[in-house]
Amino acid sequence: MDGREVIGMAAGAAGRGLLIKIAVPVAVLGLFGLIAIGLVAGMSGAKAHAASGCGKAGRPDTEYDTTGGPATGSDHAQQLANAKTIDRVASQGGLSGRATLIGLMTGLAESSLLNLDHGDRDSLGVFQQRPSSGWGTKEQIMDVTHAATMFFFGGDSGDPPGLTDIKGWESKTLNDAAQAVQRSGFPDAYTGQENEARSIAEEAGIDIDRTARSGTGRTRDGASSAPSPGQRPGAHEAALADCTDSSQNSPGEPGQAFHDGRASWPGNVKNRRSTEDAIRWARQEASGGSDQWYRMCLAFVATTYGWTFSGTTYAQDHYLDVMPKDMRHDKDRNPPAGALMFWTTGSRAGHVALYVGDGKIASNDIETPGRISIVPATDIETKWGATYLGWSPPYFPQGG
């Protein structure tokens with residue numbers, strides 16, 4: 001939204017956001033003409049992909065219009081557009097229609113599904129996410145695709161957690177699943193949004209009865225997602241193990257140091273920057289570059305080699321689906337400088353970093369969200385609890 005005054009329903013939405021965040025007395029809501037009644041009243045997509053990939057690619061509802069009726073006009077058009085964006089992110093991530101319904105209920109409670117440029121303290125956007133709490137920059141949060149991606153998949157370090165970071169979210173009530181992500185001061189605030197969410201979904205042509213499936217890709221190039229604190233390899237990693245073969249490599253043990261190998265790149269690996277220049281560029285980015293790399297690991301390594309984009313959506317898909325099998329060095333802990341190193345993190349995207357030599361990598365988000373740091377390659381295992389997949393040459397056959 002621009003800087004114009006938000007009137008009518010948007011004003012009610014802002015008031016509603018305050019109610020949820022700081023528990024403004026219900027009487028205040030009368031100033032906005034809200035009806036606030038009843039406020040006190042399965043991640044299978046990642047597992048499905050891991051199993052099949054292997055080289056393939058409450059009542060009554062609260063209304064926010066000042067008349068007490070359903071939203072109309074341009075605000076309602078924005079609601080529908082935002083609902084479709086939220087559903088697209090969920091669907092592309094392989095999530096069920098139930099996940100979309102939770103997202104819509106949350107957006108209605110927080111902002112009436114409007115992309116507000118204000119809220120309680122520094123809260124912004126459809127989900128009223130806060131930059132100070134790790135949801136992204138102001139600009140990112142105002143991007144509904146980013147906001148929805150964070151709501152469903154959370155931060156790289158698992159904090160803030162997204163819906164799919166919540167253990168057993170599929171079996172929780174709709175309200176409790178939303179509350180587990182939002183951690184609202186009004187824990188029952190989402191129950192009253194179900195009817196309105198279903199109505200908007202029907203009008204927007206959203207199938208909230210959709211079952212979970214393997215996703216076709218996140219909207220952000222190479223967004224990585226580390227597991228929540230305490231989360232360790234499980235069924236997801238076990239399934240991925242069927243896709244890798246470490247018999248010809250030197251796998252070592254998790255947490256064991258990485259050492260420089262001497263392998264050269266195959267002749268068909270051609271990039272816009274040389275290996276030396278790519279490493280030099282990555283080190284320069286780490287020493288004082290931008291903070292634009294939040295959840296953009298695959299985009300970062302592609303950029304180090306001079307590409308504008310990688311051509312792949314998920315980091316682990318780039319390794320398992322795009323990379324030819326003879327270029328994959330599964331679990332080998334002796335990558336040559338300039339190699340791409342891949343991990344699975346227990347969620348859909350995985351993680352990739354650039355090996356710069358001497359056991360170290362250039363990686364986004366490992367020390368500061370959005371920034372590149374030069375750290376021991378073992379940090380991805382020891383700090384994020386991720387499982388090392390292996391390394392490959394810097395091959396971007398779909399890059400551009």
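Residues take their numbers from the sequence shown, with the count starting at 1. Reckoned from all heavy atoms, side chains included, excluding hydrogens, waters and symmetry mates. Nothing here was measured: the structure is a model prediction, and the numbers come from that model.
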Under 3.5 Å, is there a donor-acceptor pair linking the side chains of His351 and Ser363?
yes

All side-chain hydrogen bond (donor to acceptor under 3.5 Å, both in side chains) counterparts of Thr85, not counting sequence neighbours:
none

Those residues at least two apart in sequence (or on a different chain) that pass salt bridge (charged side-chain N to carboxylate O under 4.0 Å, His left out) with Arg280 are Asp277

Ala81: partners by side chain to side chain contact (heavy atoms under 4.5 Å, CB included), with sequence neighbours left out:
none

Less than 4.0 angstrom from a charged side-chain N to a carboxylate O is my criterion; do Arg283 and Glu276 meet it?
no

ring-ring contact (aromatic ring centres under 6.0 Å, His included) filter on Phe258, not counting sequence neighbours, yields Tyr388

By side chain to side chain contact (heavy atoms under 4.5 Å, CB included) - contacts of Ser290 (at least two apart):
Glu285, Gln292, Trp293

Kindly write out the residues that satisfy salt bridge (charged side-chain N to carboxylate O under 4.0 Å, His left out) with Arg198, not counting sequence neighbours, or none if the list is empty.
Glu194

Identify, with sequence neighbours excluded, every residue that meets salt bridge (charged side-chain N to carboxylate O under 4.0 Å, His left out) alongside Asp176.
none

Name all residues meeting the side-chain hydrogen bond (donor to acceptor under 3.5 Å, both in side chains) criterion together with Glu202; count only those two or more places apart in sequence or in a different chain, and write none if there are none.
none

What residues, two or more places apart in sequence or in another chain, satisfy side chain to side chain contact (heavy atoms under 4.5 Å, CB included) together with Pro394?
Trp265, Val269, Asn271, Tyr305, Leu340, Phe396

side-chain hydrogen bond (donor to acceptor under 3.5 Å, both in side chains) partners of Arg210, counting only residues at least two apart:
Asp87, Thr100

With sequence neighbours excluded, tell me which residues meet ring-ring contact (aromatic ring centres under 6.0 Å, His included) with Trp281.
none

Is Lys360 salt-bridged to Asp358, going by a charged N under 4.0 Å from an acidic O?
no

Test salt bridge (charged side-chain N to carboxylate O under 4.0 Å, His left out) applied to Asp260 - qualifying residues, sequence neighbours left out:
none

